[in-house]
There are 2 protein chains.
Amino acid sequence: MRPEDLPEIRHLHLFRDMTQANFEALMTSSYALNFPQGLEMIRQGDPADFLHIVLEGSVELFARWGGRECTMAMVQPVSTFILAASIRDAPYLMSARTLERARIILIPSSDLRAMFRRDTEFSVSVINELAACYRSVVRNAKTLKLRNSRERVASYLLRQSILAGGVVSYTLPVEKRLLASYLGMTPENLSRTLKALEGDGLKMDGARVIITDRAKLTALAQPDKLIDGPDVAGNENGAGLPSTRL
Amino acid sequence: MRPEDLPEIRHLHLFRDMTQANFEALMTSSYALNFPQGLEMIRQGDPADFLHIVLEGSVELFARWGGRECTMAMVQPVSTFILAASIRDAPYLMSARTLERARIILIPSSDLRAMFRRDTEFSVSVINELAACYRSVVRNAKTLKLRNSRERVASYLLRQSILAGGVVSYTLPVEKRLLASYLGMTPENLSRTLKALEGDGLKMDGARVIITDRAKLTALAQPDKLIDGPDVAGNENGAGLPSTRL
DNA sequence: TTCCAAGGTTGATCTGGATCAAGTTTTCAC
DNA sequence: GTGAAAACTTGATCCAGATCAACCTTGGAA
């Protein structure tokens, strides 16, 4: 691991409050790996031997069943992922692959489990982190069950604009095919939906999003604190399924 | 609270490992309530002032958005629910109503948060519980995104049969309209789907499920450890979204 | 610079599941 | 027991979104 990696990790909510000694202990048993683009570094079903942290690049969490596959989340730096599996010493429920060249920290799950028995502040951080992850997936499930695809697209685009600081225009952080899968629809349908949203306050130019009439788009998306966030408690971004940042 | 309530609560994984003194402290600030059927005791968006435990009866967790509503989980005794919201001191993401007359324990969230700073074993239990809840919702999301409604119905019915001990015949634990909403479909569609599954190893008689050809039904449902469980680690049943027990 | 593969769009068609509208059965309050 | 409301079923129809197929666009790699 590079020395400059440490402050970035230490800055995460998960590791912020533990003692320096314990943090260093955890880091000495950890190591960093550089993965090429498109590498599947976690296969669902495998034992969760490591907690992962993305330092650079980005990662897709996805699920397979039978021949089908769907995107469950995209993880951007700096964030942890698959915390729950490491903690329960259980098989990964999702697979992970790099979306681009990525630098990943691996922390042995067993060290993690030993640590939160030793460091109370760390265990409190883990609790907060897990609770935040849980709420994040619940929000996700709510969107899937309560909204149709046009509403999911509109609320996603608005949320991204807000996360970027309320900007009127921004570039999609991920490929459209990936976004489509995340939103539970086909690429074709996303393409058509984006086009249909012109006239409802949206304009697309390639991967560029332009909100031409925020009021109109908002009326359609009906954003909701309890689905689109933000969560009240300071969640930061060390989350497993950061739907709000996707 | 009645004295006979205590052992039942103490038996939950969440409270099993804390010291007796701390358990008693937590219980003295808690109280029990009896709710009539159909009462909405939690409204999404309200502050999560209490952790809830169902001792008797059953509870539906559901979500609303705009005019729509959907069932997110059903909670059977003895289980906790809305743990994550209490811990984060955040608004409930879901509403809850009694499905029948129910006896509920309320534990003040603030006491809960204070307690896991004092009792390490308890904080470990909370961590395990939250991780289990998280994985439970992820499984749920996987079913919703990867399976069509027929597959969701078939795998649900098989899972129930297995949870009941691999029985060939059992009674649905909940009303069909509720089950339909939980499975993300309309009552009409559930009704038709159940009928269509006759000939694939299933026979319905009112609320009674009869598995006439397990192999055939299994081939159709393609049950998967990573969706339908059980989880490897001993999860018991003190979970927030116990999809495996619904 | 050119070429090719992958991503994206567009159109035509199909279909799973929703919706609407009657019935029928069950449940439960009186 | 009886009546009324709620749950459930069944049929007819509709539509959102999937699928299939063709084409265009973009971004690297040689």
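Given the structure is predicted, the values throughout are model-derived calculations rather than measurements. Proteins get letters first, then strands, A, B, ... in listed order; numbering begins at 1 in each.
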Rounded distance (Å) that lies between atom P of C:dG17 and atom CG of B:Leu183: 12 Å
Considering all heavy atoms, the nearest B:Leu33-B:Leu106 contact: CD1-CD1, 3.7 Å
Pick out the pairs of N or O atoms, protein on one side and nucleotides 23-30 of chain D on the other, that lie under 3.5 Å.
none

side-chain contact (heavy atoms from CB on, under 4.5 Å) between B:Leu93 and B:Gln44, worked out: CA-CA 5 Å; B:Leu93 293 183; B:Gln44 63 176 48; over 6 Å; no
A:Met185 CE - C:dG16 C1' separation (whole Å): 17 Å
Between C1' of D:dT9 and CE of B:Met204, the distance in whole Å: 12 Å
Neighbours of DNA chain D within residues 188-200 of chain B, by heavy-atom distance under 4.0 Å: B:Glu188, B:Ser191, B:Arg192, B:Lys195
N/O donor-acceptor pair under 3.5 Å between B:Arg97 side chain and B:Glu60 backbone: no
Donor-acceptor under 3.5 Å (B:Asn189 side chain, B:Met185 main chain): no
For B:Ser58, all residues meeting side chain to side chain donor-acceptor pair (under 3.5 Å), sequence neighbours excluded: B:Glu100
Sugar-phosphate, base or nothing in reach of B:Gly184, heavy atoms under 4.0 Å: sugar-phosphate
Donor-acceptor under 3.5 Å (A:Lys145 side chain, B:Met72 main chain): no
Those residues of residues 141-150 of chain A lying under 4.0 Å from DNA chain D by at least one heavy atom: A:Asn148, A:Ser149
Length of the CG-P vector between A:Leu179 and C:dG7, whole Å: 14 Å
Side chains of A:Tyr156 and A:Glu151 in contact at under 4.5 Å (non-hydrogen atoms): no
Pairs meeting criterion salt bridge (Lys or Arg N to Asp or Glu O under 4.0 Å) with involvement of residues 175-188 of chain A, two or more places apart: none
Atom of B:Lys142, atom of B:Ile227 and distance for their closest heavy-atom approach: CE-CG1, 3.9 Å
Residues A:Thr171 and A:Arg208: side-chain donor-acceptor under 3.5 angstrom: yes
Nearest-angstrom distance from the residue atom CZ of A:Arg68 to P of D:dA18: 13 Å
Plane angle bin for B:Phe50 and B:Tyr31 - parallel if under 30°, tilted between 30 and 60°, otherwise perpendicular: perpendicular
Protein-nucleotides 24-28 of chain C N/O pairs under 3.5 Å:
none

N or O in side chain of A:Thr186 less than 4.0 angstrom from D:dG17 OP1/OP2: no
side-chain contact (heavy atoms from CB on, under 4.5 Å) partner of B:Val209, chosen from B:Leu197, B:Leu194, B:Leu172: B:Leu172
No-hydrogen, no-angle side-chain donor-acceptor test under 3.5 Å, A:Arg147 and A:Thr143: yes
